[in-house]
Amino acid sequence: MSEPTVTVVLIEDEKQIRRFVRVSLEAEGIAVHEAPTGKQGLVEAATRKPDLVIVDLGLPDTDGIDVIRELRSWTELPVIVLSARTQEEEKVAALDAGADDYLTKPFGVSELMARIRAHLRRRNQAAASESPQVAFGAVIVDLALRQVTRDGALVHLTPIEYRLLATLVRHAGRVLTHRQLLREVWGPSHVESHHYLRIYMAHLRQKLERDAAQPEHIVTETGVGYRLVGAT
Amino acid sequence: MLYLLGVVFTAVRLGRGPGVLLSFLSVAAFDFFFVPPRMSLSVSDTQYVLTFAGMLLTSLVISHLTSSLRREARVAEKRERRTGAMYAMAGELGAALTTEQIVGIGMRHVSEVFRAQVAMLLPDSADKVRQKLDDTTTDSRALLLDASALDLDVGQWVYDQQKPAGRGTDTLPAAAALYLPLKAPMRTRGVLAVVTREAGELDVPEQKRMLDAFAAQIALALERVHYVDIARDALVTMESERLRNSLLSAVSHDLRTPLTAIVGFASMLAEANGDTRAPANAELIEAIHDESLRMTSIVTNLLDMARLQAGGLRLNRQWSLLEETVGAALRACARVLGDRAVDVHLQADLPLLQLDAVLMERLFSNLLENAAKYTPRGTRLAISAERVETERKPFVRVNIDDTGPGLPPSMEERVFEKFMRGEKESAKPGIGLGLSICRAIVEAHGGTIGAANRTDEHGRIEGARFWFTLPVEAPPPAPGLEEDERDAAAPQLPASKTTP
């Protein structure tokens, strides 16, 4: 193999899910270190030098969110959270605590692999020079020139719309919670003003999506936040 | 004669004693003023002695009769008042629905009528009597018996023995309070403890009987409420029993079907010697995947229903745009909808709504899944939304139209019931929970949901329409749009010139 092996630490108490994730990741040439408890997971994450950590939110010994906080205190490793469907609030808490993404159980291997690849790529890109141009669909965002074009034509965005889009683009592929977006664009005093976000998202979609009612790129993660998908 | 009038008057106003006294005085005065020799009590004519005796006797009898009449009138009046109080209490007790209400009403009336401080001791689940405190009204504090005057052990004895005890009875007559069992036809329901403000108040047998009657009334009311509770519990138990049965039959059928398929396909794969690349095997794997997703959706619905039913459904309401929710639901349902195209027509100026986004997506997903389940492949669906007014209140009404066979007759309302399906025992997957979840979600948001068939001008069924409404609330302060635009129009100008 030309590139060095990717290593993942998997913190999950359910044996069957560990087995399923390990088998599917190993089939893709990824080395997996398993940990059934949060404590052990933190030790593994510290000693194995992984490229990515997968954390289940329902752990027997500690809260998954505490594990994420602990990890974030010393590393910027990508962290993907596994959670059940009805735990939107926990997902938001995990993302606000520093997780990069989440997967809802039950999930498919293709979904898991897509997320892992996206985060590893993002990390490598961040390590290299950040590309000033990002494209999704017919839209090209030039972060250096602060210009947005759609099908080659310049799109007029207000400053707030541009800030919102730029935030999404900088974290392309990653879920951003409502709070994170509000803090980033409007400032810490507006983290509860959800309607600002809804209104401006609708504007962005009208200007940039083919069908604002069925967006392909600026995707809603219901109850959690937003994600920009399909960006290259 | 004048003297007699005076005697009657005195007896009526002041009672027997003064009446008798006045009788003697009037005889003496008659003697003194009118009988010769005047201005002296001596009598010259013996005939007058007889007159005196007759006069005295008459006035004594009159004074006695008058005063006893007066006493009886007063007793009757008192009885009347108490009977009135009894009726008043019986009336109020009849309307009472909870034990707390009965305790409150009983204590108020007993304390009013008998001028007493009252405590009501009711048994707990272990048959130990306890004082029921009514914290809600401060004025009931005044009628409440002091804890020092109340002896719970005596209360317990009265409750167990079903005999009165305490002041004025054979048992523990030295106690401060009188304890009466609240005897109802089936059993004793509690103990009434009374301390009158005037010591002799309950010595009159009539008063005692009255208090017994009050106690019996209260006991009856307590028993009635007790049986009302039992009847209600029984009804709830029956209903949940019925639900459990439908749930069990639904789960056993609808979960077992995909499970059977999964187990079957998986065992076929296991026997195929691991050659997973064969096209037939790829089909098997696809089938397992589909069946698993089916099971997932059933389990999801069951869990949702359990969550909605568990009571205390907490909505996480935020200002949301319908367009976004529809988009998210369409994305989530892409696989189920397959090649059915969905036209979305949302009125351009729809207001922001206070919605729980997660439940809203669930609502749309369930309605879309339902439409997909009962319409042929390749047909069109349409989602539309507009502002409407219902009873002068603004709502947003959402319609989801399909072009399928429509609802079976008379099912328009019943499709939203639990475990109710349009087609009985059909091969279509699902357990009839999806739409009842929809109804729970819409109602939690303060809206209504319904279904009807759409017909063309000839009365032919064009398809089904599911609709629901969501209340429009006063909008939040809008973000400064103009300000944002102004910044955009003149970003290069110095700040001092942008503000007029």
Top contributor to chain A interface from Glu324(B), Glu361(B), Met360(B) [non-hydrogen pairs under 4.5 Å]: Glu324(B)

Separation between OG1 (Thr222(A)) and CZ (Arg331(B)), nearest 0.5 Å, reads 10.0 Å

Hey, could you give me the CD/NE2 distance between Gln318(B) and His195(A), rounded to the nearest 0.5 Å? 11.5 Å

Let's go through Glu323(B) and Arg205(A) carefully: what are the C-alpha distance in whole Å and the side-chain angles of both, what is the deciding distance for salt bridge (Lys or Arg N to Asp or Glu O under 4.0 Å) to 0.1 Å, and is it a yes or a no? CA-CA 11 Å; Glu323(B) 184 185 57; Arg205(A) 281 173 177 157; 5.7 Å; no

Within 6.0 Å of CZ in Arg256(B), more than 12 heavy atoms from elsewhere: no

From OG1 (Thr296(B)) to NZ (Lys105(A)), nearest 0.5 Å: 13.0 Å

Could you measure the distance from the CE atom of Met201(A) to the CG atom of Leu321(B)? Nearest 0.5 Å is fine. 11.5 Å

CG-CD distance between Asn316(B) and Glu89(A), expressed to the nearest 0.5 angstrom: 5.5 Å

Enumerate the salt bridge (charged side-chain N to carboxylate O under 4.0 Å, His left out) contacts for residues 138-148 of chain A, please, sequence neighbours excluded, ordered by first and then second residue. none

Mind checking which of residues 212-221 of chain A sit less than 4.5 Å from chain B, heavy atom to heavy atom? Ala212(A), Ala213(A), Gln214(A), Pro215(A), Glu216(A), Val219(A), Thr220(A)

According to ring-ring contact (aromatic ring centres under 6.0 Å, His included), who are the partners of His194(A), at least two apart in sequence or on a separate chain? His178(A)

For the CZ atom on Arg335(B), are there more than 12 heavy atoms of other groups (residues, nucleotides or ligands in this structure) within a distance under 6.0 Å? yes

Contacting region of Glu209(A) [heavy-atom separation from chain B under 4.5 Å]: neither

Do any pairs count as a ring-ring contact (aromatic ring centres under 6.0 Å, His included) and have a residue in residues 329-352 of chain B, sequence neighbours left out, and if so which ones? none

